Amino acid sequence: MYHPADPASPSSDDPGDLDPENAVKAVTRVITWYTRQILDEQRSPTPDTERLEQLQEQQRACVADRNRLADASPQEIARIATDYEARFKELDQS
């Protein structure tokens, strides 16, 4: 999901880099989206087990990303925040 660092990545002078809480919030919003989808699927009269497994797998990946934030560089934190903000917008529109 993530791309290797490149020269176009935000620099450590970018104020967005300095607030890991924003990245945690962005990832948590996506985790919450997956949680709601999982609950809806589980409550369905005929749950789609394949979709449920995919949702759970994606949710676990998000949790792992959120856990990695504790040791991430400022550039990685900014990139994760940006990626997850975009991902949430995409998921929220679907």
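Basis for what follows: all heavy atoms, side chains included, without hydrogens, waters or symmetry-related copies. Computed from a prediction, not measured in an experiment: that's the story for all the values here.
The pair Asp65-Arg68 meets the salt-bridge criterion, with a side-chain N (NZ, NE, NH1 or NH2) lying under 4.0 Å from an Asp/Glu carboxylate O.
Looking at residues two or more places apart in sequence or on another chain, you find a side-chain contact (heavy atoms from CB on, under 4.5 Å) between Leu91 and Val30, Trp33, Tyr34, Arg87. With sequence neighbours excluded, no residue satisfies side-chain contact (heavy atoms from CB on, under 4.5 Å) with Gln93. Partners of Thr32 according to the side chain to side chain donor-acceptor pair (under 3.5 Å) rule, which considers only residues two or more places apart in sequence or in another chain, do not exist here. With sequence neighbours excluded, the residues satisfying side-chain contact (heavy atoms from CB on, under 4.5 Å) with Ala72 are Glu76, Ile77. Take Thr35 and apply the side chain to side chain donor-acceptor pair (under 3.5 Å) test, not counting sequence neighbours, and it matches Gln59. With sequence neighbours excluded, the residues satisfying salt bridge (Lys or Arg N to Asp or Glu O under 4.0 Å) with Glu41 are Arg51.
At a threshold of 4.5 Å between non-hydrogen side-chain atoms, the residues Ile31 and Cys62 count as touching.
Note on residues 20-40: pairs passing salt bridge (charged side-chain N to carboxylate O under 4.0 Å, His left out), not counting sequence neighbours, are Glu21-Lys25.
In the displayed structure, Glu50 atom CD is contacted under 6.0 Å by at most 12 heavy atoms of other residues, nucleotides or ligands.
Atom OG1 of Thr82 sits about 10.0 Å away from atom CG of Asn22, to the nearest 0.5 Å.
Nearest heavy atom pair, residue Ala26 against residue Ala81, reads CB-O, 3.9 Å.
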